[in-house]
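Inspection log for the structure reproduced underneath, given as structure tokens.
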Amino acid sequence: MAKDKEFVKEITPQSQDFSQWYLDVIRKADLADYAPVRGCIVFKPDGYELWERCQAGLDRRFKATGHRNAYFPLFIPESLLLKEVEHVEGFNPELPWVTEAGGEKLTERLAVRPTSETVIGEMYHRWVQSYRDLPILINQWANVVRWEKRTLPFLRTTEFLWQEGHTAHRTEAEAREEVMRMLDVYRDFIETDLAIPVIPGRKSESEKFAGAVETYSIEGLMKDGKALQAGTSHFLGQNFSHVFDIQFLDDDGQRKYVWTTSWGMSTRVIGATIMVHGDDRGLVLPPRVAPLQVVVVPILKKGQDDVLTRAQAIADGLRGVARVRLDDRAEYSPGWKFNDWEMRGVPLRVEIGPKDLEKNQAVIARRDTGEKLFVSLEGLDATVSNLLETIQKEMYERAKAFMAGSTRQAETFEQLADIIENQRGFVRAGWCGDAACEAEIKEQTKATIRNIPLELPKQGPGRCVKCGHEAKHEVLFARAY
RNA sequence: CGGGGUGUAGCGCAGCUUGGUUAGCGCGCCUGCCUUGGGAGCAGGAGGUCGCGAGUUCAAAUCUCGCCACUCCGACCA
């Protein structure tokens, strides 16, 4: 361990200060920088490409489930926002307002959107007439603004990038089905592409989205034992359709209100990727989303000019199976490059030196395990391709094992409090469903109900960990970001 | 928004207590030589509104006040 520290300077060890480690990694891996506006970050190319790959993975799944992209305006007139009472109350404290433009005071002030249910509700009101107009399955890629008190790069920034799906349906059953379908799309994306295991479940009343009937979430567990909500899917019932008067004439001749849903995932998942997979050497990226998957480092020796040529050819040969870069910079030593690319989380490093060429082999180093392999240059592309898949799979398995090992059961409040205080992680426990018990637990342990897992407990929910009455649910407690 | 910490070169810091004339150090950066299998070496060089604004003083990085930003801890949240 002491040796690791020598190689990777300027990254605080996780065990010493996880928050500082997180910020160090973002800086050293060149993902983002602070912007001149409070709480805002600049996505640097590697950070932005991570987001682009998340976008691609999600967008493909949205299209496959019948959704299309559209774009709604950044500004929301106050009058629209005021229509849904719970919704406004939820978001009001964090809204930025435009009150003046073109040198004049506006007749109606405009909120910079914190989310788009209201504008979209207004538009759906105009677009829906008949049951034949339904369902409307629209997604928007956008930036939104929430003036949060406390910000943290990727996890909670004043302005953030996300996607928000907004759908309108003819029946309640269809809308509910959509909510669960999209929750599962999120689960599939984050587990498959980002190698992050999550627990899908329903939010408690106190934690649900402002204006929703029900909110579902996927919850991940970071390496410091804190939970992170990585995506949400809301069943909005007819709340917004009543407020925005979204009605249609059904085939039975009756006018009916539509049932709506909304669901979102943000650039927060980049933060999750960092905190689930990263280590004391820096970032560890899942191959599927890594901007660069393989770096080829030639070991240049004096009088061995063919090494560079061969390394170039080998890098070119790998381009068919991976995103590859040849690091032929003469000004850095191989050791320096090793550390640099490890900090940036590149999944595989291929070393090509004179000794390797003699033996017709290459040295491959895995970023996730640190393992070094001596492999033949014959069929190198297949080897690399297989390794990338293996890494993707094993990163998920390791994260899953970590989550399983950090998930504990509590029968009593004392157990719950003890686990939260001393071990962190997830705690499964019974809950009577009373908001008062939930609030007391939060106050005393700082742990919240992350969600009520969809997967039911094997032996029934038991007793409420707080009041001891019969439990309605088994829920997942954790301290969270 | 409440409480603590920090702000001096791209990054990390010293100097501030006890004001003083040319503001230092390490890394990084530039040029050259030499090197390259886990952050090499030598030589030369560039780079500063000391976060911003007032004030005290003959004199402010240093003292006082205000503001801003970042960060940690709380309440709010993707």
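Chain A is the first sequence line, chain B the second, and so forth, proteins listed ahead of strands; every chain is numbered from 1. Worth saying up front: this structure is predicted, and the values here are computed from it rather than measured.
Under the ring-ring contact (aromatic ring centres under 6.0 Å, His included) criterion, no residue pair touches residues 352-379 of chain A, with sequence neighbours excluded.
For B/rG19, there is no paired base (Watson-Crick or G-U wobble, both distances below 3.5 Å).
The residue A/Pro354 sits close to a base: some heavy atom pair falls under 4.0 Å.
Using modelled atom types and a 3.5 Å distance limit, the side chains of A/Ser204 and A/Glu438 yield a donor-acceptor pair.
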Legend entry - Per-nucleotide protein contact string for nucleotides 40-48 of chain B (B base, S sugar-phosphate only, - none; heavy atom under 4.0 Å): S--------
Inset, instruction - Treat primed atoms plus P, OP1 and OP2 as sugar-phosphate and everything else as base, then score nucleotides 72-78 of chain B 5' to 3': B for base contact with protein heavy atoms under 4.0 Å, S for sugar-phosphate contact only, - for none. - result: SBBBBBB
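As rounded to whole Å, 13 Å separates atom C1' of B/rG37 from atom CG of A/Asn339. With rounding to whole Å, A/Asp327 atom CG is found 12 Å from B/rU36 atom C1'.
Between A/Phe91 and A/Phe209, the ring center distance clears the sub-6.0 Å criterion.
A/Phe160 and A/Trp162 have perpendicular rings, their planes meeting at more than 60° on a 0 to 90° scale where under 30° would count as parallel.
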Inset, instruction - Give the C-alpha distance, both sets of side-chain angles, the deciding distance and a yes or no for side chain to side chain donor-acceptor pair (under 3.5 Å) between A/Glu117 and A/Thr115. - result: CA-CA 6 Å; A/Glu117 277 76 6; A/Thr115 179; 2.6 Å; yes
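Each of A/Tyr34 and A/Gly370 was assigned the nucleotide of RNA chain B with the nearest heavy atom; the assignment lying further toward the 5' end belongs to A/Gly370.
Comparing B/rC30 with B/rU49, their C1' atoms sit 24 Å apart, to the nearest whole Å.
The side chain to side chain donor-acceptor pair (under 3.5 Å) search around A/Asp368 returns A/Arg366, A/Arg398, not counting sequence neighbours. Residues that satisfy the side chain to side chain contact (heavy atoms under 4.5 Å, CB included) test with A/Arg176, not counting sequence neighbours, are A/Glu172, A/Glu214, A/Phe235.
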Taking only distance into account, with no hydrogens and no angle test, what donor-acceptor pairs under 3.5 Å do side-chain atoms of residues 136-146 of chain A form with protein atoms, sequence neighbours excluded?
residue	atom	partner	partner atom	Å
A/Asn139	OD1	A/Gln163	NE2	2.7
A/Asn139	ND2	A/Asn69	OD1	2.9
A/Gln140	OE1	A/Phe72	N	2.6
A/Gln140	NE2	A/Ser116	OG	3.2
A/Gln140	NE2	A/Glu164	OE2	2.9
A/Trp141	NE1	A/Asp59	OD1	2.8
A/Asn143	OD1	A/Arg113	NH2	2.8
A/Asn143	ND2	A/Glu159	OE2	2.8
A/Arg146	NE	A/Pro114	O	2.8
A/Arg146	NH2	A/Pro114	O	2.8

